[in-house]
Amino acid sequence: MTTLETSRLILRPCLPEDRELFYELSSDPAVLEFFPFSRSREDADTIFSMIRNLTPEPGFEFLTLTLKHSGEAIGFSGLSRLQLEPHLPGDAVEIGWRISARHWGKGYATEAGMALVRHAFAALSLEEILSVAVHDNRRVLAVMHKIGMQRDPACDFDHPQIPETHPHLKRHVVYRLRAAEWRAQHARHVGS
């Protein structure tokens with residue numbers, strides 16, 4: 001089981017008591033601004049149970065972000081295998097996060113993202129990670145940039161799982177970070 005630690009956060013495996021937070025993030029209009037629909041309590045509980053019952057590939061667990069000083073769960077993050085062929089390769093790995101709106105603007109997504117990047121390249125020896133988001137989701141795009149990812153406009157695509165009733169959410173942009181680039185960034189940061 002993967003557990004990661006930063007200066008302010010512990011990223012730990014998801015527990016049964018995280019069900020309430022999962023529902024909050026699945027139904028909060030602010031958090032779901034760039035999603036086509038919210039989830040009912042029943043749907044959120046079903047998805048949460050499904051996630052909890054999966055046996056993930058080592059290192060690819062669905063992690064809960066908790067504040068070190070209080071133990072409060074504030075969001076979820078992790079690495080996952082993308083299933084967006086032919087738009088992206090079948091072996092592509094995505095980094096993602098979702099944080100409660102009451103904790104936005106404090107750098108927690110960036111902090112968790114940096115820990116997951118380090119985990120992806122140092123512990124899992126991945127060659128590359130991707131992140132995919134709606135084209136004008138500025139908060140998420142800013143985090144991607146802060147954790148060292150670069151946009152790859154040649155890979156932008158219209159997401160096949162977004163319904164035609166939400167055309168403003170269809171266009172997705174792709175950001176990439178390769179292990180060699182991360183090592184170079186990390187070496188520059190350590191050397192400065």
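- By the neighbour-count criterion of 12 heavy atoms within 6.0 Å, atom CZ of Arg138 is sparsely surrounded, having that number or fewer from other residues, nucleotides or ligands.
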Give the C-alpha distance, both sets of side-chain angles, the deciding distance and a yes or no for side-chain contact (heavy atoms from CB on, under 4.5 Å) between Leu25 and Leu32.
CA-CA 8 Å; Leu25 299 184; Leu32 299 176; over 6 Å; no
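- Considering CG of Leu130 and CZ of Arg178, their distance stands at 8.5 Å, rounded to 0.5 Å.
- At most 12 heavy atoms of other shown residues, nucleotides or ligands fall within 6.0 angstrom of atom CD in Glu42.
- Neither side chain, Gln150 nor His145, offers a donor N or O lying under 3.5 Å from an acceptor on the other.
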Give the table of side-chain donor-acceptor pairs shorter than 3.5 Å for residues 86-96, with sequence neighbours excluded, one pair per line with atom names and distance.
from  : atom 1 : to     : atom 2 : distance (Å)
Glu94 : OE2    : Val132 : N      : 3.4

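- Partner of Phe48 under the ring pair (Phe, Tyr, Trp, His ring centres under 6.0 Å) criterion, chosen from Phe22, Phe62, Phe76: Phe22.
- In terms of heavy atoms, Asp158 sits closest to Arg171 at OD1-CD, 3.0 Å.
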Would Thr3 and Leu11 count as a side-chain contact (heavy atoms from CB on, under 4.5 Å) if you check the C-alpha gap in whole Å, the side-chain angles of each, and the deciding distance to 0.1 Å?
CA-CA 6 Å; Thr3 299; Leu11 287 70; over 6 Å; no
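- Proximity of a side-chain donor or acceptor of Asp28 to a complementary backbone N or O of Ala101 within less than 3.5 Å is not detected.
- Between Arg52 and Glu61, no side-chain nitrogen of the basic residue sits less than 4.0 Å from a carboxylate oxygen of the acidic one, so the salt-bridge criterion is not met.
- Using a 4.0 Å cut-off between charged nitrogen and carboxylate oxygen, Asp18 and Arg12 count as a salt-bridge pair.
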With side-chain contact (heavy atoms from CB on, under 4.5 Å) as the criterion, how do Leu124 and Leu79 come out once you've worked through the C-alpha distance, each side chain's angles and the decisive distance to 0.1 Å?
CA-CA 11 Å; Leu124 300 178; Leu79 301 169; 3.8 Å; yes
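- In this structure, Arg98 CZ and Ser26 OG are separated by 6.0 Å, a value rounded to the nearest 0.5 Å.
- Residues Thr6 and Ala115 come closest through the heavy atom pair CG2-CB, 3.6 Å.
- To the nearest 0.5 Å, atoms CZ (Phe35) and NE2 (His166) are separated by 12.5 Å.
- Within the 3.5 Å criterion, the main-chain N or O of Asp45 finds a donor-acceptor partner in the side chain of Arg19.
- Ionic pairing of Lys146 and Glu111 is not present here: no N-O contact between side-chain nitrogen and carboxylate oxygen is shorter than 4.0 angstrom.
- Using modelled atom types and a 3.5 Å distance limit, the side chains of Ser100 and Glu24 yield a donor-acceptor pair.
- Residues satisfying the ring pair (Phe, Tyr, Trp, His ring centres under 6.0 Å) criterion with Tyr108, sequence neighbours excluded, are absent altogether.
- Environment of CD in Glu127: sparse, with no more than 12 heavy atoms of neighbouring residues, nucleotides or ligands closer than 6.0 Å.
- By the criterion of side-chain heavy atoms lying less than 4.5 angstrom apart, applied directly or through intervening Ile, Leu, Val, Met, Phe, Trp or Tyr residues, Val31 is grouped together with Leu65 in one hydrophobic cluster.
- Pro160 places a side-chain heavy atom less than 4.5 Å from the side chain of Leu84.
- There is no path of hydrophobic side-chain contacts, each under 4.5 Å, that joins Phe157 to Tyr175.
- Cys14 places none of its side-chain heavy atoms less than 4.5 Å from the side chain of Leu63.
- For the pair Leu116 and Trp97, the minimum side-chain heavy-atom distance is 4.5 Å or more.
- Taking hydrophobic clusters as Ile, Leu, Val, Met, Phe, Trp and Tyr residues chained together by side-chain heavy-atom distances below 4.5 Å, Ile147 does not share a cluster with Val174.
- With hydrogens and angles disregarded, no donor-acceptor distance shorter than 3.5 Å links the side chain of His135 to the backbone of Ala133.
- Considering only heavy atoms from C-beta on, Thr64 stays 4.5 Å or farther from Leu15 through its side chain.
- Ion pair Glu181/Arg176 not flagged as a salt bridge, since none of the NZ, NE, NH1 or NH2 atoms sits closer than 4.0 Å to an Asp/Glu carboxylate oxygen.
- Note: the hydrophobic cluster containing Phe60 also contains Phe121 (ILVMFWY, side chain heavy atoms under 4.5 Å, direct or indirect links).
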